Every structure is written in structure tokens, then in C-alpha cells.
Amino acid sequence: MKKEVTIYDIARKLNLSTATVSRALDNNALVKEKTKEKVMAAAEKMGYRQNLLAKNLRQQQSRTIGVLLHEVNSYFATSVLAGIEKITTQEKYDILIAHSNEDGLREIANTKNLFNKRVDGLIVSQAMTSTGTDHFMPYIDRGIPVIFFDRVPKNISCTKIIIDNLQTGYNATAHLIQQGYRRIAHITASLERNVYNERFKGYKKALKKYNIPYDEALVGICSLDHTETLQALNQLLLQQPDAFFITNDFAAAVCINELHRLGYHIPDDIGVVGYNNDVLGSLITPKLSTVDYPGILMGELAAQELINAIKQTKKEQRPDKRIVLSSELIIRESSVPPRSKVNRKTENN
């Protein structure tokens with residue numbers, strides 16, 4: 001096995017001190033450019049690998065950020081990761097990615113694991129079944145910054161990045177009402193999670209605004225996976241809805257496919273609005289109206305806020321900070337019926 005090249009080997013070859021070689025490899029301004037070039041060339045030729053782990057440990061930093069997602073197999077998750085990686089790359093941080101797969105116990109285990117790997121900070125979106133925040137307290141107690149995004153807790157002081165879920169839920173429902181739909185069903189996930197609870201409140205607010213009675217039988221709560229979404233859809237169809245506001249584009253696509261199979265025409269018979277602006281929404285027929293979710297921007301902000309907090313010299317208790325990103329309703333074919341249908345419904349109401 002070939003011996004690992006060290007800075008001592010480079011120093012002997014170039015007749016320089018190890019301190020000079022070390023500074024040159026770190027691009028230190030105290031070293032002349034000509035010397036830096038000579039050291040870099042020798043390091044590359046000799047196959048030197050800088051031991052960043054040892055260097056970071058000496059500086060009591062890992063230069064690593066933990067990212068704990070509730071899932072990884074969605075367009076939103078990959079968008080957030082792209083935003084995080086853009087900033088961490090610029091700032092020369094590595095990221096360690098873990099995901100809970102919507103399991104609260106797995107979230108706890110991953111939180112502990114990332115803590116033991118000595119990450120300098122943590123970016124989190126909570127699992128569907130996550131309860132409590134005690135597993136984040138070791139970070140808070142040590143002054144290690146934690147940033148929550150999308151699914152955020154209430155009872156912990158830190159930075160939280162969200163969109164206005166109540167307003168977007170209202171906008172989606174109001175749009176369907178304005179198109180002439182009146183029996184609007186709502187398919188969503190656990191109302192214990194902030195995002196779904198706020199969207200549900202927006203749905204109810206729009207109904208109240210347009211004097212449409214709220215009907216509990218028109219609300220289906222499920223995991224939003226394929227099987228449970230189909231079960232919720234078929235149960236709600238017994239209530240004869242004329243539209244669906246669904247808080248996830250994948251679930252909306254599942255519903256559209258099943259509605260086609262059952263002989264419904266969209267948007268003529270039933271209108272549909274989804275949520276997240278997933279790529280698949282523009283690929284299905286009809287194209288899906290949806291709420292835009294700026295995942296890349298959310299990831300960028302989360303990473304920058306975290307790195308800024310890491311760079312703070314004082315490890316004091318950080319105040320609760322709430323960042324709300326703007327989002328818009330994207331209107332496509334799935335929620336705009338023929339104008340004659342709208343006029344007829346308006347006249348009847």
C-alpha cells in the first residue's frame with residue numbers, strides 16, 4: 001500500500017517549513033503567490049490529500065450541516081436540497097442528509113445520529129407523526145443552530161421558514177368557488193401538522209366568505225400516498241362533490257387518474273386544484289392547477305440563515321424568527337370549466 005503523502009513530505013521536497021506549506025495549502029494571504037503555486041503544483045504531483053477532518057476538529061468545527069427531511073422522493077424535497085446545496089457549496093460546507101420517511105421515531109434517531117456526527121447546524125422539516133421537540137434540545141443547549149422549514153413546531157425558539165399556508169388554502173378554494181363550483185371536497189393530511197392545518201383553515205375561510213356551509217363529510221384526511229388517497233377519493237365521491245382541493249400534487253394526480261377511470265370529465269364534471277407545483281402537474285391531462293411552493297428559495301434561505309447563525313461568535317439563546325415566503329396560485333386546465341358552466345352555476349346561486 002502506497003504511503004499517504006503529508007505536508008512534511010512536501011516541505012522536504014521544496015525545502016520549505018511545514019508552516020509555510022500548511023498556509024499555502026490554505027491559500028493564506030501571508031504566503032507569496034509564487035510560493036503558493038509551487039506548493040500546489042508539488043502537492044498535486046505527489047498526490048497529497050488535505051486532511052479536512054483533522055483540520056476542522058482542530059478548529060472545533062466539522063464544516064458539515066445536517067439536513068433532516070420528512071421525505072426525499074418528491075419534487076419539493078429535491079428542490080429544497082438544490083437550494084441548500086447551492087449555498088453550502090458557496091460557503092464551503094458539506095451536508096449530511098437524512099430522512100424520516102414520515103416516521104417520528106426515525107426522526108428522533110436521525111436527530112441523535114446527526115448530533116453525534118458533530119454537525120455545525122441542522123435544517124429540519126418534521127415527519128408526519130413527529131411529536132414533541134425534546135430530541136432537538138441537545139442542539140439548543142449546546143448553542144448549535146436549528147432551522148425548521150415547511151413543517152415547523154410551535155414550542156421551540158429558532159428560525160422557521162414557511163409559506164402562508166392559510167392564505168394559499170384560501171386562494172385555492174376561492175378560485176374553485178369563483179369558477180362556479182360549490183360542493184368542494186378537501187383531501188389533506190394530518191391536521192396536527194402546521195401546513196395542513198393552516199391550509200384547512202384557509203379552505204374553511206373561503207367557504208365562509210362565499211356563504212357556503214362547511215360540511216365535515218367533504219373533508220378526507222389521509223397520508224396522501226397512493227392507496228389512502230384513492231380510499232379518501234372514493235369515500236368523498238359518495239357526497240357528490242363537484243370539485244377537489246387537494247394539498248399535494250401527487251395525490252391530485254392520483255385522483256385525476258381515478259376520476260378519468262370512473263368516467264368523470266375534468267374540469268367539466270369535477271374541478272381539481274393541487275398543491276406544490278410539482279413537475280408532474282404540467283405533464284398530466286388536464287394540466288393541474290396548483291399552488292406554487294418555492295422549494296429552491298426555501299432551501300437557499302434555510303442554508304444561509306443557518307450558516308449566518310453558525311458564524312455568530314455568541315452561543316446565546318436565539319430569538320424565535322418566522323420567515324414567510326410569498327406563493328401564488330397557478331391556474332391551469334383542471335380548474336377552469338367551460339364558461340357556460342360557470343354562468344349557469346352563478347345564476348342558480
Side-chain angles (χ1 to χ4, degrees), residues 69-77 99-107 125-131 150-153 162-163 165-166 168-173 176 181 183-207 214-262 264 266-267 269-281 284 288-291 293 295 334-335:
L69 303 169
H70 61 266
E71 63 174 348
V72 291
N73 60 341
S74 73
Y75 178 71
F76 173 66
H99 73 101
S100 63
N101 197 29
E102 301 291 16
D103 186 335
L105 293 177
R106 188 168 172 180
E107 175 182 296
S125 179
Q126 288 193 284
M128 193 79 76
T129 61
S130 176
T131 57
D150 184 39
R151 299 180 184 175
V152 304
I162 58 172
I163 65 170
N165 287 284
L166 191 151
T168 51
Y170 173 88
N171 293 345
T173 309
L176 287 168
Y181 300 108
R183 285 191 60 76
I184 301 168
H186 183 43
I187 296 181
T188 189
S190 171
L191 299 182
E192 294 298 315
R193 290 268 68 87
N194 65 297
V195 290
Y196 302 114
N197 186 274
E198 291 297 306
R199 294 169 197 175
F200 172 64
K201 288 179 180 177
Y203 161 77
K204 291 179 69 176
K205 181 180 177 181
L207 294 179
Y214 166 67
D215 185 350
E216 186 178 357
L218 285 172
V219 177
I221 297 174
C222 65
S223 69
L224 299 178
D225 68 6
H226 188 276
T227 300
E228 290 195 19
T229 297
L230 284 180
Q231 291 172 350
L233 172 70
N234 284 292
Q235 186 66 34
L236 289 169
L237 285 174
L238 298 175
Q239 304 300 318
Q240 298 184 315
D242 61 5
F244 283 88
F245 167 38
I246 305 169
T247 57
N248 175 281
D249 281 350
F250 170 77
V254 169
C255 288
I256 286 176
N257 184 62
E258 179 68 4
L259 289 168
H260 282 320
R261 190 187 71 80
L262 294 172
Y264 292 93
I266 302 167
D269 300 326
I270 293 181
V272 180
V273 173
Y275 207 106
N276 283 351
N277 194 20
D278 199 313
V279 170
L280 66 81
I284 60 176
L288 179 65
S289 294
T290 186
V291 175
Y293 211 133
S334 69
S335 64

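Here the structure is a predicted model, which is why all the values come from computation and not from measurement.
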side-chain contact (heavy atoms from CB on, under 4.5 Å) between Asn171 and Val291, intermediate numbers included: CA-CA 9 Å; Asn171 293 345; Val291 175; over 6 Å; no
Distance-minimising heavy-atom pair for [X] and [Y]:
X: Gln126; Y: Glu107; answer: CA-OE1, 3.3 Å
X: Tyr293; Y: Arg199; answer: CE1-NH2, 3.3 Å
X: Gly271; Y: Leu176; answer: C-CD2, 4.3 Å
X: Glu102; Y: Thr129; answer: O-OG1, 3.1 Å
X: Ala172; Y: Phe245; answer: CB-CE1, 3.6 Å

Just so I know, are the side chains of [X] and [Y] near enough to count as touching, which here means a heavy-atom distance under 4.5 Å?
X: Glu192; Y: Asn197; result: no
X: Cys255; Y: Ile187; result: yes
X: Asn234; Y: Glu258; result: yes
X: Asp278; Y: Leu288; result: no
X: Val254; Y: Ile256; result: no

Using the six-membered ring wherever Trp is involved, compare the ring planes of Tyr203 and His186 and label them parallel, tilted or perpendicular (cut-offs 30° and 60°). parallel
Check side chain to side chain donor-acceptor pair (under 3.5 Å) between Thr229 and all other residues, then give those that pass, not counting sequence neighbours. none
Side chain to side chain donor-acceptor pair (under 3.5 Å) filter on His70, not counting sequence neighbours, yields Ser125
Name all residues meeting the ring-ring contact (aromatic ring centres under 6.0 Å, His included) criterion together with Tyr196; count only those two or more places apart in sequence or in a different chain, and write none if there are none. none
Would you compute the distance between atom [atom1] of [X] and atom [atom2] of [Y] and round it to the nearest 0.5 angstrom?
X: Asp249; Y: Leu280; atom1: CG; atom2: CG; value: 6.0 Å
X: Thr290; Y: Ile246; atom1: OG1; atom2: CD1; value: 10.0 Å
X: Glu228; Y: Gln235; atom1: CD; atom2: CD; value: 13.0 Å
X: Arg151; Y: Ser100; atom1: CZ; atom2: OG; value: 7.5 Å
X: Asp215; Y: Ile184; atom1: CG; atom2: CD1; value: 12.0 Å
X: Phe200; Y: Asn165; atom1: CZ; atom2: CG; value: 14.0 Å

Steps toward side-chain contact (heavy atoms from CB on, under 4.5 Å) verdict (Arg106, Asn101): CA-CA 8 Å; Arg106 188 168 172 180; Asn101 197 29; 3.4 Å; yes
Is the CD atom of Glu71 crowded by more than 12 outside heavy atoms at less than 6.0 Å? yes
Verdict with reasoning, Phe76 to Asp150, per side-chain contact (heavy atoms from CB on, under 4.5 Å): CA-CA 10 Å; Phe76 173 66; Asp150 184 39; 3.6 Å; yes
Classify the side-chain pair Thr168/Tyr275 by whether it contains a donor and acceptor separated by less than 3.5 Å. yes
Pick one: which of Leu218, Leu236, Val273 meets side chain to side chain contact (heavy atoms under 4.5 Å, CB included) with Phe244? Leu236
Residue that, paired with Leu262, satisfies side chain to side chain contact (heavy atoms under 4.5 Å, CB included) out of Ile270, Leu237, Asn257: Leu237
Is the side chain of Asp269 donor-acceptor paired with the backbone N or O of Pro267 at a distance under 3.5 Å, no angle test? no
